[in-house]
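Working notes, structure below.
Every chain is numbered from 1 and lettered A, B, ... according to where its sequence line falls, protein lines coming before strand lines.
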Number of protein chains: 2
Amino acid sequence: MTASVTIGEFSRLTHLSVKTLHHYHDIGLLTPASIDPSSGYRRYGTDQVGVAQLIRRLRDLQMPLAQVRSVVEAPDVVTRDRELRTHLDQMERELVRTQDVVASLRSMLTLPLTPLSVEYRFIPAFRAYCVVDQVDRADIGPWCGTAFGRLNDIAARHGITATAGATYSDEFFADDSGQVIAFLPVAPDQPAEDGVELLDLPAGFFAITVHTGPFTDFDRSYGSLGGHVAEYCEVAPGPIRELYLAGPGDVPDPADFRTEICWPIQRIPAPKG
Amino acid sequence: MTASVTIGEFSRLTHLSVKTLHHYHDIGLLTPASIDPSSGYRRYGTDQVGVAQLIRRLRDLQMPLAQVRSVVEAPDVVTRDRELRTHLDQMERELVRTQDVVASLRSMLTLPLTPLSVEYRFIPAFRAYCVVDQVDRADIGPWCGTAFGRLNDIAARHGITATAGATYSDEFFADDSGQVIAFLPVAPDQPAEDGVELLDLPAGFFAITVHTGPFTDFDRSYGSLGGHVAEYCEVAPGPIRELYLAGPGDVPDPADFRTEICWPIQRIPAPKG
DNA sequence: GTTTGACCCTCCCATAGCCGGAGGGTGCAG
DNA sequence: CTGCACCCTCCGGCTATGGGAGGGTCAAAC
C-alpha cells in the first residue's frame, strides 16, 4: 500500500508542471493512481514518482512523447532497456551530427570565404557499376559507407582506377529522401558483378565546382554553386552529381577531402560582357 | 544587377520548401527581392541564396527563428559573427549537457539501482558566507563554478574546513529558474567579506540521502528521495539543500563525487510497522 | 487562339508539447 | 461565513512548419 498525493504535491516531487501532468493524463502516458469521482481530483501514487522522473529525463533530451511512451510502456525491463538503448544510440548519432554542423559553421567564421570558381563541362554518357537506393538524408553517411565499400572492393579486384561518384535526385534534397546512385565508371564491355547494377549514366552539360573540406560544409558550396548557376546558366532537370576526387579512402584528414559538385545545366552559357 | 528567380527555383536552390519560404516572408525573415503587383508572384534574387542557406543551416541546428533572425539581421559582419559565435557556444554547452544526460541514462541501464538509504536529521541554524542569485537551470554549471570558486578562495584564506553546500528554491526546479544560494558555513562571529553575503540559514528537519556519482544523475536520487519523502514524511516548505561532501575540488573522477541531498520535512516520522 | 499543365497565390486546418488564463468547484482554517 | 489555496475543464496561443482547398497565371503546344 503506497501513499497517494495530490497533483500539486506530485508536481513538486517530480518537477513536472501541473499542466504537463494534465497533458500526460490526457494522452494516457501517465495516468493518476485514482480520480475522485465527485470532484475529479487526481491522486498520484508515490510509486509513480520513478516513472515520472524517467519521463522527465527523456523529455529533457527532447525525446518525442511517442518514443517516451514506447520506453515507459515496455512490458518488461529487458524490452524497456532495449528500447531505451536504441533511442540513446539514435540521439548520440544526432548529437555527433549537430556537433559537426556547429564546427563547420564555426570554421566558416574563421575561414574567409574563398571565391567560387566554376567550370563548365560536357560529360559524355558512360557506363558504371552502380548501387541504387532510396535513401533518407539522415542515413546518407552509413549508406555511402556500404555502397562505396562494395564499389571499392570491386575496383580493387578489377584494377579500376576511375574516380567514383554519386548522383542525388532532387527529391533527396527537397523531401529529405530520394534516389541516390553511387557509381564507379567502367569500360563499356565490363562484365556484370553481384550486388551492383551496370548502368549507363546520361551525358549532359554541368556547372562544376570543387569543394575542399569535410562533407559537413557541403551546403555552403552547394549554395554558392546554386547561386552561380541561377545567375548565369539555365538549370537542366536531373540529379546533381558528386565526384569524389579525394575522399575518406584516399586522405586521412576530412579537411583535405576534394569533391567535384556537378550541377546539370542546359548549355554552356555565353560569357557576359 | 543580379538575376531573379521564382519561388520554386529558389526553393530548389536553397532546399527550403515553398511553404517555408512563404512563412519566412510572412514573418519578415527573408523577404523576396520583388513581388509582382498584379499576380502577387514572389521573385528572389540569386544573391539571397547565401542568406537562405545560412538560415537553413541554423534551422538544421534547431536554432529558433528568433535567434536566426538576430544572426541574419545583424547590421554588419562583425556583429553577425559575434551573434553567431554566441549562439554556437550556447549550443555546444547544450550539446555537452545532453551528452552527459545520455551517458547517465545509459549508465542507469548497466548499473543496478542501489537501494535508497534515507536518514533523518535536525539541522540547527548556522551562519554562512553565501553567494545568492537568480539562476537559470541551464546556467547552473558555470554559476556553481564561479560561486564555489569564490567561496573556496575565502575558505583557503580563512582556513575554513567546513563542507560547502547550496540551497535550491522550488522555482528553480519548477520554472527552470529560481533562487540558488551557494553557502560555506562559518562561525557566528566571522567577519564580512567582499563579494559574498553573510547569512543565517534556518534550522529544520531534513530527510537526507547521499548521492554518489556525477551531478548528471542527480535527478535519479532526487526522484527516489522525493518518493520516499512523499511516502513516509510530511513535506515542509523551503528550498532543498545539497552538501558537497566530495566534489570537483576534492576528487578527480565524477563517479566518486558524494553529495548529501537534504529534503525539508516537518518532523521526523514515526517508524512504520 | 485556346487549351493543357505546371506553377503560383491566399486561406484555413493540423501537428507536438506544452503555457496561460477564464470561469467555476472543493476543502480546510480562522 | 469568509477567505484562500488548491483543483477542475475548456479555450486559445505559441513555434515551425505541412497539407490541402479553391482559384489565378504563365508558358508552350496544338
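Look at CZ on R43(B): it is 13 Å from C1' on dT25(D), rounded to the nearest Å. Computed from coordinates, the D26(A) CG to dC18(C) P distance equals 12 Å when rounded to whole Å. Distance OH (Y24(A)) to P (dC19(C)): 9 Å, rounded to an integer number of Å. For the pair I55(B) CD1 and dT15(D) C1', the computed distance is 16 Å after rounding to whole Å. When the C1' atom of dC18(C) is taken as reference, atom CG of L16(A) falls 12 Å away, rounded to whole Å. Residue L21(B) contributes atom CG, which lies 12 Å from atom C1' of dT17(D) at whole-angstrom precision. Atom CG in L61(B) sits about 14 Å away from atom P in dA16(D), given to the nearest Å. Rounding to whole angstrom units, NE2 of residue H25(A) and C1' of dG17(C) are separated by 17 Å.
Close to dG18(D), at under 4.0 Å from its OP1 or OP2, lies a side-chain N or O of T20(B). In this model, the phosphate group of dC8(C) is approached by a side-chain N or O of T6(B) to a distance below 4.0 Å at OP1 or OP2. Between R59(B) and dT15(D) there is no side-chain polar atom (N or O) within less than 4.0 angstrom of OP1 or OP2. Within the 4.0 Å cut-off from OP1 or OP2 of dC8(C), not a single side-chain nitrogen or oxygen of R42(B) is found.
The structure places CG of L84(A) at 10.0 Å from CZ of R57(A), a figure rounded to the nearest 0.5 Å.
For the pair A66(B) and S38(B), nearest-nucleotide mapping onto DNA chain D gives the more 5' position to A66(B). Residues D36(A) and H23(A) each lie close to DNA chain C; by heavy-atom proximity, the contact nearer the 5' end of the strand is made by H23(A).
Side-chain proximity of I7(A) to the nucleotides dC8(D), dC11(C), dT26(C) is greatest for dC8(D). Nearest to the side chain of Y41(B), among dG24(D), dG20(D), dT17(D), sits dG24(D). Side chain of H22(A), nearest nucleotide from dT9(D), dC8(C), dC19(C): dT9(D).
Using the six-membered ring where Trp is involved, H15(A) and W263(B) have ring planes that are parallel, under 30° apart on the 30 and 60° scheme. Between F10(B) and Y44(B), the ring planes lie parallel to each other; the angle is under 30°, not in the 30° to 60° tilted range.
For K19(A) against dG17(C), no side-chain N or O and base N or O form a donor-acceptor pair under 3.5 Å.
Using modelled atom types and a 3.5 Å distance limit, the side chains of S70(B) and Q67(B) yield no donor-acceptor pair.
Residues L65(A) and R59(A) have side chains in contact (heavy-atom distance under 4.5 Å, counting atoms from C-beta outward).
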